[in-house]
S.K.: 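Please see the structure below; I have some questions.
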Number of protein chains: 2
Amino acid sequence: MTVEGKEFIQALREAGLKVTQQRVALLSILMESTDHPNAEEIYVRVRGLDDSVSLATVYRTLSTLEEAGLVQRLNLENEPARFEITPAAAHDHLVDVDTGQVIELPSEEMNRLRNDIAAKLGYEIVSIHSFVRARKIKTSP
Amino acid sequence: MTVEGKEFIQALREAGLKVTQQRVALLSILMESTDHPNAEEIYVRVRGLDDSVSLATVYRTLSTLEEAGLVQRLNLENEPARFEITPAAAHDHLVDVDTGQVIELPSEEMNRLRNDIAAKLGYEIVSIHSFVRARKIKTSP
DNA sequence: AACGTAAATGCGATCCATTCGCACCTGTCA
DNA sequence: TGACAGGTGCGAATGGATCGCATTTACGTT
């Protein structure tokens, strides 16, 4: 399930969820965030649109949306979880160990490989949780 | 860096770490654990060998050993981190969503692919954090 | 358009995995 | 064997995330 344009209201309905102003605010913030914010950051940004939203609701809504498949949770290490709208094209993530920046990696090929390996063991994949920590290679010092 | 047999004492020395009875106890427990235990579970098992070890030391030692590359931390979701001796052959993990069991997946090919993708973007991989949640396929219902 | 109900929310309290502060111990190397 | 950096135990603290509960709200039904 993917959200594009302003159809996230419809996406909420299809997921059997009530369309509340808090959810709409959160989703629209998430749509325009390309930096994989965490709950606290999302909370601050959402307050800019609607100062009635509580942090508890941000957490609850993110979990609800994750369960509905509208949102993806990134559990990196030693930092609060980050979130993104479920992307149309699946991708893994690369975390720059020096800057903390998160970069999206194309991963159709990896997914195929993962599926094959899992299938060989008699499993079907439910969800993928994969990232690498990496360092930019210095080309000319 | 990998630990085999009883050479973990030497491995500690090589890492510039003091060889304390707590560390030896923890490493030997970890060597004989194939089920990816978490800190609490490791604590209980280590107490069986040496009841002077504290939970704080288990956490500190695991972090120290991880930093030294002797131990690998698995951050699964919604549960405390699990640990394993750094395996000789790199592998990803599969978590059975029904049983919680952790299965090791061969992943040389995946690692090659990951390296290629990262290299193409000018990065060298520092560490890999990858697991899939999966469900056993029913063959005959 | 008002109603009834289940679902959502805000607030503050709470949980719990992990880390910290600090006084005391112990490897290690001279 | 003595000095000292590094390691440890204990209990307190931290901090991300969740919960309990009273109140509000969305939305299908009159």
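Since the model is a prediction, treat every value here as computed from it, not as a measurement.
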S.K.: What's the shortest heavy-atom distance between A:Val132 and B:Ile125, and which atoms?
M.R.: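 Shortest heavy-atom contact: CG1-CD1, 4.0 Å.
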S.K.: Assign each of B:Lys18 and B:Gln21 to its nearest nucleotide of DNA chain D by heavy atoms, then name whichever residue's nucleotide is nearer the 5' end.
M.R.: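 With B:Lys18 and B:Gln21 compared, the 5'-side residue is B:Lys18.
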S.K.: Between D:dC27, C:dT9, D:dC10, spot the one nearest the side chain of B:Ala56, thanks.
M.R.: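 Per side-chain heavy atoms of B:Ala56, the pick is D:dC10.
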S.K.: Closer than 4.0 Å, any side-chain N/O of A:Tyr59 to the OP1 or OP2 of D:dT18?
M.R.: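 Looking at the OP1 and OP2 atoms of D:dT18, neither is under 4.0 Å from any side-chain N or O of A:Tyr59.
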S.K.: Would you indicate, yes or no, if C:dG10 has its OP1 or OP2 atom less than 4.0 angstrom from a side-chain nitrogen or oxygen of A:Ser52?
M.R.: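 Looking at the OP1 and OP2 atoms of C:dG10, one of them is under 4.0 Å from a side-chain N or O of A:Ser52.
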S.K.: Check whether any side-chain N or O of B:Thr61 sits under 3.5 Å from a backbone N or O of B:Val58 as a donor-acceptor pair, and report yes or no.
M.R.: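 No.
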S.K.: Please determine whether any donor N or O and acceptor N or O are separated by less than 3.5 Å between the side chain of B:Arg13 and the base of C:dG27.
M.R.: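 Not at all, since no donor on one side and acceptor on the other fall under 3.5 Å apart.
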S.K.: Applying the 4.5 Å side-chain criterion to the ILVMFWY set and letting contacts propagate, would B:Leu70 and B:Ile128 be lumped into a single cluster?
M.R.: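 In one cluster: no.
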S.K.: Look at the side-chain N and O atoms of A:Gln22 and state whether any lies under 4.0 Å from the OP1 or OP2 oxygen of D:dT25.
M.R.: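 Result: no.
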S.K.: Check if the side chain of B:Arg23 and the base of C:dG27 share a donor-acceptor pair of N or O atoms closer than 3.5 Å.
M.R.: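 Such a pair does not exist between side chain and base.
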S.K.: At 10 degrees resolution, what angle do the end axes of the helix from C:dA1-D:dT30 to C:dA30-D:dT1 form when each is taken over five base pairs?
M.R.: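 The angle, to the nearest 10 degrees, is 40°.
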S.K.: With a 4.0 Å cut-off on heavy atoms, is A:Leu17 in touch with a base, just the backbone sugar-phosphate, or nothing at all?
M.R.: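 Contact class for A:Leu17: sugar-phosphate only.
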S.K.: Could you check A:Glu104, A:Arg82, A:Gln101 and say which one makes a side-chain hydrogen bond (donor to acceptor under 3.5 Å, both in side chains) with A:His36?
M.R.: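 Exactly one pass, corresponding to A:Glu104.
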S.K.: Which of the following nucleotides, D:dT8, C:dT28, C:dT9, is nearest to the side chain of B:Val19?
M.R.: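 When the side chain of B:Val19 is considered, C:dT28 is the closest of D:dT8, C:dT28, C:dT9.
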S.K.: Quick one about B:Asn115 and B:Arg112 (side-chain donor to acceptor, distance below 3.5 Å, no hydrogens or angles considered), yes or no?
M.R.: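 Absent: no donor and acceptor within the cut-off.
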S.K.: Looking only at side-chain N and O atoms, does B:Thr20 come under 4.0 Å of OP1 or OP2 in D:dG6?
M.R.: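 Indeed not, no polar side-chain atom of B:Thr20 lies that close.
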